[in-house]
Amino acid sequence: MSRRTSRKAFAVEDYDLAATLNSGQAFRWVKYGEGWTTVVEGRWVTLVQTGKGIEARVVEPVRDWGWLSDYLQADVDIDSITASFPDDEPMRAAVEACRGLRLLRQDPWECLASFILSSNKQITQIRQMVASICERFGEKVKRDDGDEAAHAFPSAERIAALSEKDLRECRLGYRAPYLLKSARMVADGAVDLSRMREMGCEAAREDLLRLPGVGRKIADCALLFAGGYQEAFPIDVWIMKALKELYFPRKRRVTPKRLQAFSATYFGPHGGYAQQYLFHYMRKRAGRA
DNA sequence: CTCCAGGCGCCTT
DNA sequence: AAGGCGCATGGA
C-alpha cells in the first residue's frame with residue numbers, strides 16, 4: 001500500500017452500501033474484501049461500510065472529496081425522501097425491506113451507455129458486457145494492491161472511434177450499433193450530456209430520446225441515476241409487474257401508458273426514488289423464492 | 001432442451 | 001394509437 005494513499009470517512013446514517021451498489025443502478029462495483037471497489041471519476045476507489053458510515057480509499061492524494069460525496073449522495077437526508085412516499089401497504093413494505101437503499105449520482109455517459117446495453121438482458125449479463133468494454137477500451141487506472149490495473153469506463157469519444165465489430169466482440173449483440181451511434185452523437189455534440197443536469201427533466205428526456213437505442217425507459221434511467229431528476233420513473237418489466245400486482249390487482253389489461261401516467265403523480269416528487277425501492281423489493285422477494 | 005432477460009425500432013392494423 | 005415481432009446472447 002502506497003503512502004500516497006488517501007482516505008476519507010463519510011459520516012452517513014441509514015446507508016446500506018451493499019444494497020445500494022447492488023440494486024441495478026450501477027454495474028461496475030465488485031466485492032473487494034470487506035468492501036467494494038470500482039473506478040469513479042478516473043480514480044480507483046474502495047469503499048467499506050463501517051459503524052459510523054462509509055470509509056473510502058483512493059490511490060492518489062485527494063484534497064477535495066466532493067466528487068465522491070456527490071456520487072454517493074452522502075449529504076442526502078433519506079428520511080425526508082422516504083417520508084414523501086405514498087402511505088400505502090406496498091410502499092411501507094418496500095421501505096421496510098430496503099432500509100438504507102440510496103440513489104447514486106453517476107456519470108451521465110457511463111450511466112446512459114450502460115443502460116443502452118441493458119435492454120433484454122439480466123443484470124449479471126449487463127455487468128459482463130460493461131466489464132468487457134471497460135477492459136478492452138477503458139483507460140488504465142492505477143491501483144496499489146498488486147493487481148495490474150483497473151479500467152475507467154471508456155469515454156464517448158473512445159467508443160465513437162471504434163467499429164461495430166469491436167463492440168460485437170464484447171458480446172453486445174444487436175446493441176452494438178446502438179451504442180456506437182449514440183457514442184458518436186454524444187462525441188460530436190449532437191446531444192450534450194454535460195448540460196443534462198441543468199436543462200430540466202422534460203427537455204433532457206427529449207434530448208436523450210433522439211439517441212438510437214434509447215427509449216422512454218432507458219432515458220428515465222439516465223435522468224434518475226445520473227441527472228438527479230427524482231421525478232423520472234423508469235418502468236421496466238419488474239416495475240410493470242409490481243404496479244400491476246400491487247396497485248391494479250383486479251384489472252386485466254393495464255397499459256404501460258396508463259402506468260406511466262399513474263406513477264408520474266401517485267408517488268410524489270421523489271417518485272424515482274420510490275421506484276428504486278419497489279424494484280429492489282420485488283427482486284429481493286423473487287430472489288429468496 | 002426451452003424460456004426469458006431493468007427494451008427498442010419498425011412494421012402492421 | 002396500439003399491438004406484434006425480431007433482435008444477439010447467455011443465465012436459469
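A, B, ... follow the sequence lines: proteins, then strands. Residue 1 opens every chain.
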Problem set entry | Test applied, side-chain hydrogen bond (donor to acceptor under 3.5 Å, both in side chains); reference residue, A:Trp44; option that passes from A:Asp147, A:Thr37, A:Thr38 |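 The side-chain hydrogen bond (donor to acceptor under 3.5 Å, both in side chains) with A:Trp44 is passed solely by A:Thr37 among A:Asp147, A:Thr37, A:Thr38.
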Exercise. How far apart are the C-alpha atoms of A:Phe267 and A:Phe85, what are their side-chain angles, what is the distance that settles it, and do they pass the ring-ring contact (aromatic ring centres under 6.0 Å, His included) test?
Worked result: CA-CA 6 Å; A:Phe267 292 98; A:Phe85 295 168; 8.2 Å; no
Problem set entry | Enclosure of A:Glu34 CD (heavy-atom neighbours >12, cutoff 6.0 Å) |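 It does not: A:Glu34 CD has 12 such atoms or fewer within range.
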Exercise. More than 12 foreign heavy atoms under 6.0 Å from CD of A:Glu148: is that the case here?
Worked result: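 At most 12 heavy atoms, drawn from other residues, nucleotides or ligands, come within 6.0 Å of this atom.
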Exercise. Among residues 203-240 of chain A, which residues get a heavy atom nearer than 4.0 Å to DNA chain C?
Worked result: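 Correct list: empty, so none.
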Problem set entry | Under-3.5 Å donor-acceptor pair between A:Gln128 side chain and C:dG11 base |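 Between C:dG11 and A:Gln128, which were checked side chain against base, a qualifying N/O pair under 3.5 Å is absent.
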For this session: Measure distances between side-chain N and O atoms of A:Gln276 and base N and O atoms of B:dG6, and say whether any donor-acceptor pair falls under 3.5 Å.
Result: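 Yes, a donor-acceptor pair under 3.5 Å.
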Exercise. Looking for any heavy atom pair under 4.0 Å, which part of the strands does A:Ser23 touch: base, sugar-phosphate only, or nothing?
Worked result: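 It contacts base atoms.
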For this session: Identify whether any heavy atom of A:Arg127 sits under 4.0 Å from a base atom; if not, whether one sits that close to sugar-phosphate; answer base, sugar-phosphate or nothing.
Result: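 The answer is nothing, as A:Arg127 stays clear of every strand by at least 4.0 Å.
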Exercise. Does the pair A:Gln128 and A:Arg171 meet the rule for a side-chain contact (heavy atoms from CB on, under 4.5 Å), with working shown?
Worked result: CA-CA 9 Å; A:Gln128 290 168 12; A:Arg171 320 310 294 163; over 6 Å; no
Problem set entry | Donor-acceptor contact below 3.5 Å, side chain A:Tyr277 vs main chain A:Arg92 |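 Looks like no, no N/O pair under 3.5 Å.
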Exercise. By a strict heavy-atom criterion of less than 4.0 Å, which residues belonging to residues 169-189 of chain A are in contact with DNA chain B?
Worked result: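 Going residue by residue through residues 169-189 of chain A, the ones with a heavy atom under 4.0 Å of DNA chain B turn out to be A:Tyr174, A:Tyr178.
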